[in-house]
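Below is one structure, written out as C-alpha cells, with a few remarks after it.
Note that this is a predicted model, so its numbers are computed, not measured. One-based numbering along the sequence shown.
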Amino acid sequence: MSSLPAWTLVPAAFDDLERITDLKDQVMRADLERLGRWDPDRSRRRVADSFSTRWTSVLLVEGAFAGSVTVRPDEQGGRHLELFYLAPRLQGRGLGTAVLRRLLAEADAAGEPVRLVVLRGSAAQRLYERHGFTVVHEDPIDVHMHRPAPEPTPATTPEQARTRLQDRAALWSTDAAAGRTVIDAACEALVAGLDGPALRELAACPYGEAATELHALLPPALAEQGLVFHPSGSTSATEAVLRALAARFLDEELTPRELTRAVHQRFGHRLEAADPLSCLDDEYDILDHGTRTREEVDADVLAEARLLTEVHPGP
C-alpha cells in the first residue's frame with residue numbers, strides 16, 4: 001500500500017519565511033558544503049529574495065508544516081520553480097513527486113514552460129529529468145533546467161476526464177494498457193477540476209510502482225468519482241474494454257486499422273458487439289482484391305466506434 005500522506009498546498013504567510021529558511025538549511029547544507037558554498041547568511045538572503053506571499057506556497061501534511069515551493073513568472077516567459085523543499089522526515093515517500101506532478105500539470109494546463117536551477121550533483125536533478133526537464137546550461141555550482149510547454153490541445157472537460165479515467169482503468173484491468181496511462185488520466189482529471197483524496201493519491205503514484213499499487217489505489221479513486229472498477233474477466237470488463245478501445249480511436253490515439261486489429265486479436269468473432277470491427281479487420285486484409293476502398297472501410301470503422309461509445313456509455 002502506498003505510504004503517501006494526505007497533503008495540501010496553501011498560500012504562504014509572512015511568518016512562514018523563517019520556517020522555510022530553517023528548512024532550506026536542513027535539506028541544502030550538505031550539498032552546499034560539498035560544493036564549498038555554504039554560507040548561512042547568504043543562504044538566508046537568497047530565501048528572502050525568492051520568498052513571496054503571492055507566489056510561495058506552504059506544504060501541509062496533516063495540518064503541519066512540511067515544506068514549501070515558489071512558482072513565479074519567469075523573466076523569459078512561463079514559470080520558474082524555486083524554494084522547493086521537503087522536510088527530511090517525509091522524503092522518500094513519493095510526496096515530492098506528487099507535489100511536482102501537480103505543479104507541472106497546472107503549468108501544462110496553462111500551456112507554459114517551467115524553468116528551475118539545481119545544484120550540481122543534486123539528487124533532485126534526476127527527479128526533474130524524469131518529468132521532462134533538460135539541462136540548458138551549467139556552471140561549477142548550478143545546473144539550469146527547462147521543461148517546454150506542451151503542444152496546445154483542447155481543454156478537457158470534467159466529464160471527458162471522468163470518461164477517460166474510466167476507460168483507462170478498464171484497459172489496465174484487462175492488461176490492455178500500461179499502469180502509467182491510468183496515473184496520467186488521474187492527473188488529467190485533477191487538472192480538469194475533479195478532486196478527492198483517493199484521486200490525488202492515485203495521481204501521485206510513481207510509474208514504477210503502478211504494477212503493485214494500482215490494485216489498491218484504483219477502486220477507491222473510481223468509486224470516489226462515481227465510476228466503476230471492472231474486475232478482470234467479467235462481462236462488464238469486456239464491454240468496457242471494447243468501448244475504451246473505440247474511445248482511444250476517437251481520441252486519435254489509434255488508427256482505424258489499429259483499432260480493428262486490436263479488437264480482432266482480443267475478441268475474434270466471439271463477441272457480438274465486437275464482431276463488426278473484427279469483420280472490418282478482415283476487409284483490410286483483402287483490400288487489394290475486393291471492391292471497397294480503404295477510405296470506405298475507414299468510414300465504417302468510424303461509424304462503429306461512434307456507435308460503441310454511444311451504446312456503451314460510461315457510468
Side-chain angles (χ1 to χ4, degrees), residues 154 156-196 198-203 205 207 209-282 300-315:
T156 301
T157 67
E159 191 54 38
Q160 287 173 328
R162 289 181 75 254
T163 299
R164 192 161 298 171
L165 178 60
Q166 178 76 79
D167 289 346
R168 296 301 182 269
L171 290 168
W172 174 81
S173 70
T174 56
D175 298 322
R180 67 183 298 154
T181 64
V182 178
I183 297 170
D184 288 343
C187 292
E188 182 181 36
L190 290 173
V191 173
L194 304 180
D195 200 5
L199 181 64
R200 291 196 297 270
E201 190 166 8
L202 174 61
C205 179
Y207 289 148
E209 298 178 13
T212 56
E213 297 294 337
L214 288 193
H215 293 283
L217 296 176
L218 186 53
L222 292 176
E224 185 178 73
Q225 303 302 320
L227 303 174
V228 178
F229 179 74
H230 300 285
S232 180
S234 65
T235 300
S236 64
T238 299
E239 295 174 347
V241 167
L242 181 59
R243 181 197 177 282
L245 288 170
R248 287 190 63 194
F249 162 68
L250 295 176
D251 285 343
E252 299 183 353
E253 296 179 15
L254 299 174
T255 66
R257 184 66 200 272
E258 287 171 341
L259 171 61
T260 62
R261 183 181 291 117
V263 171
H264 199 176
Q265 290 177 345
R266 178 168 287 271
F267 302 110
H269 294 277
R270 300 181 303 276
L271 184 66
E272 181 179 357
D275 193 54
L277 287 175
S278 295
C279 290
L280 287 168
D281 191 51
D282 291 333
D300 284 352
V301 173
L302 177 60
E304 287 296 332
R306 287 173 172 167
L307 181 62
L308 284 169
T309 56
E310 292 170 359
V311 171
H312 301 277

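A salt bridge does not link Glu258 to Arg261: none of the charged nitrogens lies less than 4.0 Å from a carboxylate oxygen. Taking the charged nitrogens against the carboxylate oxygens, Asp281 and Arg257 do have a contact shorter than 4.0 Å, which makes a salt bridge.
Under the side-chain hydrogen bond (donor to acceptor under 3.5 Å, both in side chains) criterion, Arg248 pairs with Glu253, sequence neighbours left out. Looking at residues two or more places apart in sequence or on another chain, you find a side-chain hydrogen bond (donor to acceptor under 3.5 Å, both in side chains) between Thr157 and Gln160. The side chain to side chain contact (heavy atoms under 4.5 Å, CB included) test applied to Ala240 returns Ala170, His230, not counting sequence neighbours. Remark: Arg180 pairs with no residue by the side-chain hydrogen bond (donor to acceptor under 3.5 Å, both in side chains) rule, at least two apart or across chains.
Taking CG from Asp167 and CG from Leu245, the interatomic distance works out to 9.0 Å, rounded to the nearest 0.5 Å. Interatomic distance, Thr163 OG1 to Arg243 CZ, rounded to the nearest 0.5 Å: 5.5 Å. The CG atom of Leu259 sits 10.0 Å away from the CG atom of Leu302 when rounded to the nearest 0.5 Å. Separation of atoms CG (Leu222) and CG (Leu217) is listed at 11.0 Å; rounding is to 0.5 Å. To the nearest 0.5 Å, atoms CG (Asp282) and OG1 (Thr260) are separated by 9.0 Å. Here CZ of Arg168 is found 6.5 Å from OG1 of Thr181. Values are rounded to the nearest 0.5 Å.
Looking at every heavy atom in both residues, Leu171 comes nearest to Ala244 through CG-CB, 3.6 Å. Heavy-atom minimum distance, Ala186 versus Leu165: N-CD1, 4.1 Å. Minimum interatomic distance between Ile183 and Ala210 (heavy atoms only, all atoms of both residues): CD1-CB, 4.0 Å. In this structure, Leu214 and Cys205 approach most closely via the heavy-atom pair CD2-SG, 4.5 Å.
Put simply, the side chain of Thr309 never gets that close to the backbone of Ala247: no donor and acceptor are under 3.5 Å apart. Judged purely by atom type and a 3.5 angstrom limit, Gln225 has no side-chain atom pairing as donor or acceptor with the backbone of Arg162.
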Under 3.5 Å, side-chain donor or acceptor atoms of residues 187-195 against the rest of the protein: list the pairs with distances, not counting sequence neighbours.
from, atom 1, to, atom 2, distance (Å)
Glu188, OE2, Thr156, OG1, 3.1
Glu188, OE2, Arg164, NH1, 2.9
Asp195, OD1, Arg200, NH1, 2.8
Asp195, OD2, Arg200, NH1, 3.4

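Listed by first and then second residue, the ring-ring contact (aromatic ring centres under 6.0 Å, His included) pairs that reach into residues 165-188 are Trp172-His215, sequence neighbours excluded.
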